[in-house]
Number of protein chains: 2
Amino acid sequence: MSPTATSDPDASTVDRLMQAAAQAFAEKGFHATTTRDIASGAGLSPAGVYVHFGSKEELLFNLSRSGHESALRLLRRAISEGSTPTEQLETLMARFTEWHVEQYQVARVVQYEHHHLTPEHHAEVLALRKEMDSLVRDVLDRGVADGTFSVDDSADTALALLSIAVDVARWYSPTIKRTPTEIGATNAALALRLVGAGR
Amino acid sequence: MSPTATSDPDASTVDRLMQAAAQAFAEKGFHATTTRDIASGAGLSPAGVYVHFGSKEELLFNLSRSGHESALRLLRRAISEGSTPTEQLETLMARFTEWHVEQYQVARVVQYEHHHLTPEHHAEVLALRKEMDSLVRDVLDRGVADGTFSVDDSADTALALLSIAVDVARWYSPTIKRTPTEIGATNAALALRLVGAGR
DNA sequence: CAGGTAACTAAGCGCTTGCTTAGTTTCTCT
DNA sequence: AGAGAAACTAAGCAAGCGCTTAGTTACCTG
C-alpha cells in the first residue's frame with residue numbers, strides 16, 4: 001500500500017477508487033481534483049485509474065449515479081414503512097437527513113457536482129432527482145387530501161423540506177458533535193411543523 | 001468591445017471583471033473557470049485581468065467579500081424595519097430570499113465557492129457568515145422570549161431557515177417563471193410556520 | 001506448467017493553466 | 001504641447017493537467 005493511500009486498503013480497487021474520488025470531489029470539487037489525487041488516494045499510480053474508468057468524468061458519473069440511486073432507495077423504503085402521511089414524512093425526513101450526515105462526502109458529490117457531468121450523464125441523474133422530488137410531493141399531497149397536513153402549495157413545501165435536508169451536506173462537518181440520529185430527529189420535527197401536522 | 005464580452009460594456013473595467021467573474025464562477029465553479037474566460041467576458045486580453053487584480057483568488061475574494069457584505073447589510077436593514085420579531089422574521093426571510101434570486105450568480109459564489117479562498121481570506125468571510133447566523137438567531141430568541149414564537153431549539157431553527165433561503169441559489173434558474181417577490185413571499189410564509197407564529 | 005488475460009506501472013505527450021514580461025497606447029495634468 | 005502615469009496587449013514561460021503507450025507483473029485456466 002502506497003504511503004499516500006487514504007481509503008480502506010482491504011476494499012476492491014474499484015471501491016477504493018470510488019472512495020478516494022468521493023473524498024476528493026467532496027473536499028475540493030470535481031475540477032480542483034486531479035486524477036493523480038484520486039490514484040494516490042487509492043494507492044495506485046496515476047495510470048491505474050484508467051484500468052477501471054475511462055475518464056475522470058466517468059468516475060464522477062458512477063459515483064453520482066450510485067449515490068442518487070441509494071438516496072432514492074432510502075426514500076422509497078422510508079415511505080413504505082409508514083402507514084400514514086405523517087409517519088411517512090417523519091421517517092423520510094429523518095432517514096434522508098441521516099444519510100446526508102453519514103454519507104456527507106457522497107452527498108456533496110450528489111448535490112453539488114452533478115453539473116460537471118456530460119449532458120447525457122447529467123440528464124440521467126436529473127431524472128433520478130425529479131423522482132425524489134415527486135416522492136416527497138406525493139406524501140404531502142396525500143397528507144393534504146386526508147386532512148392531516150395543511151400547506152399552501154405542495155411543490156413549494158416539498159422544495160423547502162428537501163432544502164433543509166440537502167443543505168446538511170453543505171454545513172455538516174465530522175467535527176460536529178451531534179449524532180446523525182439527533183440531526184435526523186430535529187429535521188423530522190421541523191418537517192412536521194412546516195406541514196402543520198401533529199397538533 | 002471584444003465580440004466575446006458578456007458584461008455591461010458601459011461599466012468600469014473593474015466592475016466588468018467582477019461581473020464576468022461572478023457569471024463564470026457561478027456557472028462553472030472557481031477552478032473550472034480560467035482567467036482567459038474572465039478576461040474575454042470583460043472584453044480584455046488575458047493579461048488585462050492582472051492590471052486590476054493580483055490573482056484569480058484575489059478576484060474571488062473581492063467578489064465573495066462584497067457579496068457577503070451586501071447580504072449582511074440587507075439582513076440588518078430588514079431587521080431594523082420591523083418592530084416585532086414576527087415582522088422582522090417575515091421581512092428578513094422575504095428580502096434574503098429575493099436577494100438570492102435576483103443576485104443568484106453572486107449568491108452562488110457566496111454560498112458555494114468560499115472554500116477555495118486562501119485560509120486568511122476564508123477566515124474573513126467566515127466571520128461575516130457567523131454574523132448573519134447570529135442575526136437570525138437573535139430574532140428567533142426575541143420572539144421566543146416575548147412568547148410569539150415557539151421553537152424547540154433556536155440554533156437548529158435558524159439553520160433550517162437559512163437553509164431554505166440559501167438553497168434558492170442552488171435550484172434557481174432564470175428560466176423559472178416565478179418572480180423574486182413571489183418566491184420571497186413563499187419563503188417568508190414558510191418561515192412563520194416553522195416558528196409557530198401567526199395563529 | 002505453459003499460455004492467455006487482466007491489473008498495474010514508468011515514462012511521457014500534447015495541451016491548458018495562472019501568471020509575467022516587455023512594450024504600446026491612452027489618459028491626465030501642468 | 002509634452003511629460004509621466006496608468007491601462008492595456010502580444011507573446012510566451014514554467015508547471016500541471018488528463019490521458020496514452022509500451023512494457024511488466026500477477027493471476028487464472030486447462
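Proteins get letters first, then strands, A, B, ... in listed order; numbering begins at 1 in each.
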* Asked: Do Val101(B) and Ile176(B) have side-chain heavy atoms sitting under 4.5 Å apart?
  -> no
* Heavy-atom side-chain contact between His121(B) and Ser64(B) under 4.5 Å -> no
* Would you call Arg76(B)-Glu131(B) a salt bridge at under 4.0 Å N-O? -> yes
* **salt_bridge(Asp156(A), Arg178(B)) N-O dist < 4.0 Å** => yes
* Does Val144(A) have any side chain to side chain contact (heavy atoms under 4.5 Å, CB included) partners at least two apart in sequence or in another chain, and if so, which? -> Phe149(A), Val151(A)
* To do: Could you note down all residue pairs passing ring-ring contact (aromatic ring centres under 6.0 Å, His included) where residues 89-112 of chain A supplies at least one of them, sequence neighbours left out?
  => Phe96(A)-His100(A), Tyr104(A)-Tyr172(A), Tyr112(A)-Tyr112(B)
* Would the His114(A) and His122(A) ring centres measure less than 6.0 Å apart? -> yes
* Asked: What are the bounds, 5' to 3', of the part of DNA chain C that sits under 4.0 Å from heavy atoms of chain A?
  -> dA7(C) to dG12(C)
* Got a sec? Which of residues 21-36 of chain A come in under 4.0 Å of DNA chain D, heavy atoms? -> Thr33(A), Thr34(A), Thr35(A), Arg36(A)
* To do: Apply side-chain contact (heavy atoms from CB on, under 4.5 Å) to Leu59(A) and Val49(A), showing your working.
  => CA-CA 9 Å; Leu59(A) 195 36; Val49(A) 175; 4.2 Å; yes
* Name every residue in residues 48-61 of chain B that has at least one heavy atom under 4.0 Å from any atom of DNA chain C, in order of residue number, or write none if there are no such residues. => Tyr50(B), Ser55(B), Lys56(B)
* Structure fact -> Sorted by chain and number, sequence neighbours left out, salt bridge (Lys or Arg N to Asp or Glu O under 4.0 Å) with Arg129(B) holds for none
* Pair Leu92(B)-Leu135(B), side-chain contact (heavy atoms from CB on, under 4.5 Å): steps then yes or no -> CA-CA 10 Å; Leu92(B) 171 165; Leu135(B) 282 175; 6.0 Å; no
